[in-house]
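It should be emphasised that the depicted structure is a prediction, and the values quoted were computed from it without experimental measurement. Chain letters run A, B, ... following the sequence lines, proteins first and then strands; every chain starts at 1. Just the heavy atoms: all of them, side chains too, but no hydrogens, waters or symmetry mates, feed the values below.
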Amino acid sequence: MRYSEMFLPTVREVPSDAEVISHQLMIRSGMIRKLTSGVYTYLPLGYRVIRKFEQIVREEMNRAGAQEVFMPTVQPAELWQESGRWIHYGKELLRFRDRHDRECCLGPTHEEVITDLVRNEIKTYRQLPRNLYQIQTKFRDEIRPRFGVMRCREFGMKDAYSFDVDSDGADLSYQKMFDAYNRIFSRCGLKFRPVEADTGSIGGSFSHEFLVVADTGEDGMVYCEACNYGANLEKAEIVRPPEPAGSAGGKAVAEVHTPDVRTIEEVCAFLGVTPREVVKTLIYSADGNAVAVLIRGDHEVNEIKVKNLLGCDSLEMAMEDMILDVAKSPRGFVGAVGIRCPVYADYSLIGMADFVMGANKEDYHIRNVNLGRDFTVKAFADLRAIRAEDPCPRCGKVLHFARGIEVGHVFKLGTKYSKAMRAVYLDRSGKEQLMVMGCYGIGIGRTVAATIEQNNDASGIVWPMQLAPYQAIVTPVNVNDAALAEAAEKLYAALNARGVEAILDDRDERAGVKFMDADLVGIPLRVTVGPKRLAEGKVEVRIRRTGEVHVLALAEAEEFVVRTVREGMKVPG
RNA sequence: CGGGGCGUGGCGCAGCCUGGUAGCGUAUCUGAAUGGGGUUCAGAGGGUCGGAGGUUCAAAUCCUCUCGCCCCGACCA
């Protein structure tokens with residue numbers, strides 16, 4: 001492509017509303033433009049990268065035995081009512097009515113549609129397993145879109161759905177997708193980790209997220225280099241500590257007047273104790289019912305764990321009136337002794353004795369509280385957020401913390417949707433069985449953005465060869481010099497003929513401008529055709545990533561570019 | 001939705017407090033020179049100051065409402 005004819009508006013200045021590097025660079029390099037909050041247009045350069053990534057995804061999905069379909073964006077409410085998600089999905093589901101006043105939504109995901117298709121068409125175990133995927137636009141009415149294409153409302157997603165006869169089969173399908181995802185992200189040259197994750201609103205029995213390691217990522221993860229355990233912070237397990245040998249504690253309970261002392265810090269300062277000797281009592285409203293969660297003073301609650309333990313749809317900190325109702329005391333003085341709601345204790349309570357707690361009485365705390373003697377709990381569970389000093393739950397070694405961008409998520413759904421929507425088949429004995437499902441997503445635009453997040457420098461984007469919108473750019477230093485123009489033109493034609501996706505920067509611009517644009521846009525190889533070198537029949541090939549420059553005769557330069565591109569495009573066996 | 005901030009030529013900003021009819025940089029167009037890391041000079045075009053209403057002789061500036069966008073929390077590919 002000739003640069004002079006391209007629709008490639010690069011911008012020199014950093015856009016004021018772009019926070020993260022990938023967002024800034026996607027705008028500056030002319031990849032995207034915003035239409036409205038969380039909704040973007042891909043310009044030619046950006047769309048080329050998208051298509052390159054989609055191609056990788058298709059190749060790997062097909063290799064893993066999945067077949068491509070294409071489902072609608074507009075979906076009828078009935079299907080969502082059937083699965084139960086018309087109610088449970090929440091406001092991210094964009095709903096509207098058509099002219100006949102029928103309720104519809106824009107698909108934020110396609111479990112309902114695919115399950116409907118498959119239940120209608122697949123009748124026997126002979127037709128299973130099947131894995132169907134699509135690359136399609138999703139709409140999720142995010143509360144707060146941000147970071148450009150990273151978290152937007154309308155976005156491209158690859159979603160695959162597997163259907164198996166039983167749980168073992170589903171595990172196999174899951175593993176195939178897991179492996180395919182590893183290949184996909186590896187081919188993009190990404191540093192990433194698959195980690196155990198919460199299943200959220202999709203549901204199912206377990207899941208893994210693929211997180212691209214980046215400080216700007218919205219997710220936290222822990223991982224263990226010794227045993228390869230990895231988990232999202234939301235999910236990261238904490239092992240149950242051993243029961244203490246003897247029964248410690250046993251001092252008499254003592255009520256203490258603690259006027260206006262509410263927070264853990266205030267309590268500790270006032271009573272001269274450490275947070276490890278204090279137990280926090282947090283009241284939550286779980287689907288409208290009060291529950292108390294006990295946790296050691298120096299720990300934080302992981303609400304997702306609480307939510308999963310209770311199996312509720314909504315969980316929020318209780319309002320003041322609910323607290324007064326169950327604890328007979330305002331926030332800050334709540335304790336478990338005599339409280340009138342179910343009490344759950346984090347594992348950290350095991351082995352604690354003679355601790356401090358709210359007295360359920362305004363301006364009072366109590367000392368020397370002991371679990372079992374002074375109150376009982378409904379259950380002990382892992383309810384707190386993991387911390388740096390916690391050991392790996394699998395092998396006990398040191399855990400590492402990192403941030404990441406969730407680019408993919410694989411779920412073992414089990415029979416959640418097949419049950420709700422009656423997706424059944426006949427087994428060998430002619431008996432009806434529920435299909436066992438899995439679903440597997442990859443954020444297309446988000447992966448591209450994550451790639452930029454990991455591959456950039458002060459001058460701009462540094463594309464890995466497999467995703468580069470163009471692989472090489474031929475830059476005559478001055479197009480008004482006939483010899484330079486001609487040599488560049490010939491080299492450009494030769495590269496194209498040999499399958500290299502090249503740009504000829506034939507603009508009547510100064511060399512500096514062309515270099516800046518080529519670097520910003522991130523083309524992996526640049527061939528500079530200048531007067532001094534050309535007098536000797538030579539040109540320079542510069543490698544964007546390393547800055548390395550090779551001075552080569554024209555024919556050698558052509559060979560070098562072709563070879564480098566082919567190597568970069570190699571697909572791992 | 002709660003909290004914070006911003007809307008002024010394409011982009012980045014100043015002007016607003018203390019009303020007097022819009023400016024800087026950059027980009028764009030024309031001409032000339034230049035030609036290996038965003039070159040230089042000369043000239044030109046481009047803004048109902050987010051929108052509506054109000055106060056005033058006079059509003060980008062003050063007041064009210066409204067819309068949009070960004071950042072911090074709950075969502076997730």
| said: Is there a side-chain contact between A:Arg144 and the phosphate of B:A74, meaning an N or O under 4.0 Å from OP1 or OP2? | reply: no
| message | By the 4.0 Å heavy-atom rule, please label A:Asn232 as base, sugar-phosphate, or nothing. | response | nothing
| Presence of salt bridge, A:Arg95 and A:Glu103, under 4.0 angstrom | no
| remark: Taken to the nearest whole Å, NZ/A:Lys91 to P/B:C75 is 14 Å
| For A:Asn480, which contact category applies under a 4.0 Å heavy-atom criterion: base, sugar-phosphate, or nothing? | base
| task | Quote, to the nearest angstrom, the C1' distance that separates B:A14 from B:C6. | result | 15 Å
| message | Closest approach to the side chain of A:Arg12, judged atom by atom: which nucleotide of B:U26, B:C76, B:C69 is it? | response | B:U26
| Touch check for A:Glu209, heavy atoms < 4.0 angstrom, all strands: base, sugar-phosphate only, or nothing? | nothing
| message | Expressed as a whole number of angstroms, how long is the span from A:Ile143:CD1 to B:C71:P? | response | 14 Å
| said: Counting the atoms with a prime plus P, OP1 and OP2 as sugar-phosphate, which does A:Asn478 contact under 4.0 Å by heavy atoms, base, sugar-phosphate, or nothing? | reply: base
| request: Quick one: look up who B:C24 pairs with, Watson-Crick or G-U, both distances under 3.5 Å, and put none if it's unpaired. | output: B:G12
| Quick one: A:Leu484 CG to B:G35 C1', roughly how many Å, whole number? | 10 Å
| query | Can A:Arg193 be said to sit on top of A:Tyr223's aromatic six-ring, NZ or CZ under 6.0 Å from centre and within 45° of the ring axis? | reply | yes
| Reckon A:Arg146 has a side-chain N or O less than 4.0 Å from the OP1 or OP2 of B:G73? | yes
| said: Judged by each residue's nearest nucleotide on RNA chain B, which is more toward the 5′ side, A:Gly408 or A:Glu19? | reply: A:Glu19
| note | note: A:Tyr40, atom OH; B:A77, atom P; distance rounded to Å ~ 20 Å
| remark: In Watson-Crick or G-U wobble terms, with both distances under 3.5 Å, the base opposite B:G53 is B:C63
| query | With rounding to whole Å, what would you report as the distance between B:U40 and B:U34 at their P atoms? | reply | 16 Å
| Touch class at under 4.0 angstrom, heavy-atom based, for A:Met150 against every strand present | base
| For B:G73, which nucleotide in any strand shown is its Watson-Crick or wobble partner with both distances under 3.5 Å? | B:C1
| Candidates B:C69, B:G36, B:A74 - which lies nearest the side chain of A:Thr36 | B:C69
| task | Step through it carefully: locate the ring centre of A:Tyr3, locate the ring centre of A:Tyr470, and say whether they are under 6.0 Å apart. | result | no
| said: Looking at B:G38 and A:Phe515: do their rings stack (centroid distance under 5.5 Å, interplanar angle under 30°)? | reply: no
| query | Which value, rounded to the nearest 0.5 Å, describes the distance between A:His409 atom NE2 and A:Met157 atom CE? | reply | 11.0 Å
| task | Look at A:Glu489 together with A:Arg2 and state whether they make a salt bridge at an N to O cut-off of under 4.0 Å. | result | yes
| field | Same-atom distance (C1') from B:U8 to B:C13, integer angstrom | value | 9 Å
| query | Does a side-chain N or O from A:Ser16 land closer than 4.0 Å to OP1 or OP2 of B:C6, or not? | reply | no
| Which is true for A:Cys439 with a 4.0 Å heavy-atom rule: it touches a base, it touches only sugar-phosphate, or it touches nothing? | nothing
| field | P atoms of B:G23 and B:A44, separation to the nearest Å | value | 14 Å
| Sugar-phosphate, base or nothing in reach of A:Pro108, heavy atoms under 4.0 Å | nothing
| request: Looking only at side-chain atoms of A:Glu234, point me to the closest of B:G36, B:C76, B:A77. | output: B:C76
| request: Go through B:G37, B:G12, B:C70 for me and flag the one nearest to the A:Asp519 side chain. | output: B:G37
| task | Examine B:C70: is either OP1 or OP2 under 4.0 Å from a nitrogen or oxygen in the side chain of A:Lys34? Give yes or no. | result | yes
| Gap between atoms CD and C1', on A:Glu92 and B:A74 respectively (whole Å) | 9 Å
| request: Figure out the CG/P separation between A:Asp198 and B:A77, and round it to whole Å. | output: 10 Å
| Toward the 5' end of RNA chain B, by each residue's nearest nucleotide, A:Glu142 or A:Glu509 | A:Glu509
| request: Look at all strands and tell whether A:Arg526 reaches a base, only sugar-phosphate, or nothing, counting heavy atoms closer than 4.0 Å. | output: base
| Touch class at under 4.0 angstrom, heavy-atom based, for A:Ile442 against every strand present | sugar-phosphate
| request: For B:G68, give its Watson-Crick or G-U wobble partner with both distances under 3.5 Å, or none. | output: B:C6
| message | Tell me if the centroids of the rings in A:Phe178 and A:His208 come within less than 6.0 Å of each other. | response | yes
| request: Have a look at A:Gly530 and say if it touches a base, only the backbone sugar-phosphate, or nothing, with a 4.0 Å heavy-atom cut-off. | output: base
| task | Return the value, rounded to whole Å, for the distance between atom CD of A:Glu316 and atom P of B:G73. | result | 19 Å
| Say you pick atom C1' in B:A60 and the same atom in B:G51; how far apart are they, in whole Å? | 14 Å
| task | Assign A:Asp219 to base, sugar-phosphate, or nothing according to its heavy-atom contacts below 4.0 angstrom with the strands shown. | result | base
| field | Side-chain ion pair, A:Arg545 and A:Asp457, N-O less than 4.0 Å | value | no
| field | Qualifying residue for side-chain contact (heavy atoms from CB on, under 4.5 Å) with A:Phe515, from A:Arg526, A:Arg510, A:Glu509 | value | A:Arg526
| said: Taking any heavy-atom pair under 4.0 Å as a contact, classify A:Met516: base, sugar-phosphate, or nothing. | reply: base
| Is the A:Tyr440 to A:Tyr181 ring centre distance short of 6.0 Å? | no
| field | Among B:U39, B:A77, B:C75, the one nearest A:Arg151 by side-chain distance | value | B:C75
| message | For a quick check of understanding: with a heavy-atom distance under 4.0 Å over all strands, which category does A:Arg153 fall into, base, sugar-phosphate or nothing? | response | nothing
| task | Consider the side chain of A:Asp508, meaning its heavy atoms from C-beta on, and name the nucleotide among B:G35, B:G36, B:G37 that approaches it most closely. | result | B:G35
| task | Under 4.0 Å between any heavy atoms, over every strand shown, what does A:Val407 touch: base, sugar-phosphate, or nothing? Just pick one. | result | sugar-phosphate
| said: Between P on B:C71 and CD on A:Glu218, what's the gap in Å once rounded to a whole number? | reply: 10 Å
| Between B:G73 and B:C63 - C1' atom distance, rounded Å | 32 Å
| message | I'd like to know if A:Lys307 and A:Asp198 make a salt bridge, using a cut-off of under 4.0 Å between side-chain N and carboxylate O. | response | no
| task | Would you kindly check whether a donor in the side chain of A:Glu13 faces an acceptor in the base of B:G10, or vice versa, at under 3.5 angstrom? | result | no
| query | Is B:G31 paired to anything, Watson-Crick or G-U wobble with both distances less than 3.5 Å, and if yes, which nucleotide? | reply | B:C41
| remark: Regarding the side chain of A:Arg510, the nearest nucleotide among B:C70, B:G35, B:C1 is B:G35
